[in-house]
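First up is the structure itself, then whatever we jot down about it.
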Amino acid sequence: MFLRSHLRDGGRVPASVQPYFFLSYAHTPRFGAGGPDPDMWVERLFRDLCSHVMALTNLPAGAEAGFMDREIRSGEGWSERLGAALATCRVFVPLFSPRYFASEMCGKEWFAFAQRTIHHVALSNQPAEAIVPALWVPVPPSQLPLPAERLQFNHNTFGERYVTDGLYGLIKLRGYAEQYESAVYELAKRIVRVAETVRLDPIRPLDYRLVPSAFGSPNGTPSSTARTLHVTVAAASRHDLPEGRSPEYYGDSALDWNPYHPVSQRPIAYVAEDLVRNLNYQTSVGSFDDEAGHFDSKQPPTRPEILIVDRWAVEDEQRRQRLAAFDLESRPWINVVVPWNRYDHQSRAKESELAHRLEDTMPVKMSQGRAACRAAANGVANMETLGQILPQVVEAAAQQFLRHAQVYPPAGSPAAGTERPRLLGPMGMNGPPAPPPAPFPPTAGDPGDGTGRPGRPGRPDANNDNDRGDADDSES
């Protein structure tokens, strides 16, 4: 009840209950009823790490040196406690193993913590790598999902035996007790060093049960055949702004547009890129002005895409015409996101005019798809809302891509009993797996929904080729 009351009172958790590090691991099933608990070795590692962290810091007596969720996963309020720990801990420590990256729950934990680091980088424009991985069981590089593969971490400093056998091998074999103690101590020192360097701020806890996995679909493939997604930005540069528009939100190209200035210090293109990469995608970014002539709806898509649009872009007549021509082509695998800073006084003064003009320019894209996609097109008011809604928009684009992408039949004769064709194209999937569930409830275009757009009745969908017919596309 103590934690729940604090979550209701603004989502903050007192420093006295904020864990120093969060140990994320995949539970190992027991072998038979009443057998030994295989996770007791993880508990020993956890206790050893907590002991070292207490010795290496000035944490007060009774403070939580670490957090692991073994005892609460099936208990009352476990999701709230887990979400609060991920929202407040200083360092995230995933225990790498093949089982870890096959675990949807571990992927959810990774995603929730990584959202904090992305938010920190956007606000400060400073690196914030607060994930310190540990090898429980060595994992071949080909089996690492992209978020883990991107980590810049040298395991060799923890010892040769640690690299070849992992902490599990060191802790189980008596002859390696000294190597185990050394590796754990080095890991604790790394945790403390990162915690003192990065200093992530606590955030409002996410609902752990609803967030997607950072490792993609449970049926996903290794990073060597990773999924891809493209982010395009339709915005002006500071050299071709509409008359009277302040240049403080713009840079030398569309990719420098920063709609959430001055709160955010990072252009929206690269914030979106980080958010999408946290969903286990290879991501590229580009300018709509540079790519507008290269769209061809008659060709099958090569990847899902997100188009980020500045409402001020429609003030330029040539750009407005290109956006209108783009809207006329059927591309349901491209979803639109419209960042809208309600603290930008110039934008607020022209909000209704710009919103109506963009909707008249792109009536299909502004009204197609599921509720989350329409909410994203109607205006995303801040960084927090962007982090919440973008995973849903990406999921919808990925589903439409799978529906429209070209199918490559496997080699062999149908008469010889070849299986039905499977998608082997640019998404890098051996079949169309179900994307992760929508992590946040749909939002509507009313003043209190977190979008930057006043409520307005939706237009009839001008494109029948959307995903409203999907079984999971409830708008209720």
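None of these values were measured; they are calculated from a predicted model.
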Identify whether the distance between the nearest side-chain nitrogen and carboxylate oxygen of [X] and [Y] falls below 4.0 Å.
X    : Y    : answer
E351 : R348 : no
D201 : R116 : no
E129 : R150 : no
R357 : E315 : yes
R90  : E64  : no
R245 : D344 : yes

* Would you say the side-chain atoms of S367 pair up with the backbone N or O of P363, donor to acceptor, closer than 3.5 Å? -> yes
* Asked: Looking only at atom types and distance, does a side-chain atom of R370 sit under 3.5 Å from a main-chain N or O of A396, one as donor and one as acceptor?
  -> no
Taking the side chain as C-beta and beyond, is there a heavy-atom pair between [X] and [Y] under 4.5 Å?
X    : Y    : answer
W312 : K350 : yes
F288 : V233 : no
F21  : F67  : no
N378 : V338 : no
R319 : V314 : no
S237 : D252 : no
Y249 : N258 : no
I308 : T232 : no

* To do: Tell me, with the steps shown, if I131 and L151 meet side-chain contact (heavy atoms from CB on, under 4.5 Å).
  => CA-CA 8 Å; I131 297 178; L151 289 179; 3.9 Å; yes
Atom pair [atom1]/[atom2] of [X] and [Y] - distance to nearest 0.5 Å:
X    : Y    : atom1 : atom2 : result
L95  : C106 : CG    : SG    : 9.0 Å
D316 : L241 : CG    : CG    : 10.0 Å
E149 : S142 : CD    : OG    : 9.5 Å
F326 : L307 : CZ    : CG    : 5.0 Å
L146 : L279 : CG    : CG    : 11.0 Å
K108 : S79  : NZ    : OG    : 9.0 Å

Heavy-atom pair with the smallest gap, counting every atom of [X] and [Y]:
X    : Y    : answer
I268 : P259 : CB-CD, 3.6 Å
N335 : A397 : ND2-N, 3.3 Å
L390 : V276 : CD2-CG2, 4.0 Å
L187 : P133 : CD1-O, 4.3 Å
I191 : V91  : O-CG2, 3.5 Å
Y270 : V285 : CE2-CG2, 4.0 Å

* Asked: After noting the C-alpha distance and the side-chain angles of E384 and H119, does the key distance pass the side chain to side chain donor-acceptor pair (under 3.5 Å) rule?
  -> CA-CA 8 Å; E384 182 178 1; H119 192 260; over 6 Å; no
Heavy atoms of other groups near [X] [atom1], more than 12 under 6.0 Å:
X    : atom1 : answer
E317 : CD    : yes
H345 : NE2   : no
Y343 : OH    : no

* Asked: Under 6.0 Å from the six-membered ring centre of W333 and within 45° of its axis: does the NZ or CZ of R403 meet both?
  -> no
* To do: Check whether NZ of the Lys or CZ of the Arg R227 lies under 6.0 Å from the centre of the six-membered ring of Y281 and within 45 degrees of that ring's axis.
  => yes
* To do: Determine whether the side chains of T157 and R190 contain a donor N or O and an acceptor N or O closer than 3.5 Å.
  =>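 T157 vs R190: donor-acceptor pair found between side chains.
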* Do H120 and Q126 have side-chain atoms, one donor and one acceptor, less than 3.5 Å apart? -> no
* Quick one: are the ring centres of F96 and F101 less than 6.0 Å apart? -> yes
* Asked: Between F215 and W110, is the gap from one ring center to the other below 6.0 Å?
  ->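 So the answer is yes for these two rings.
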* Ring geometry between H27 and Y25 (parallel below 30°, tilted from 30 to 60°, perpendicular above 60°) ->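 Ring orientation, 0 to 90° scale: tilted.
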* Asked: Got a sec, which pairs hit salt bridge (charged side-chain N to carboxylate O under 4.0 Å, His left out) with one end in residues 259-273, sequence neighbours left out?
  -> R266-D274
* **Stepwise side chain to side chain donor-acceptor pair (under 3.5 Å) test for S24 and E109** => CA-CA 7 Å; S24 175; E109 293 171 355; 2.5 Å; yes
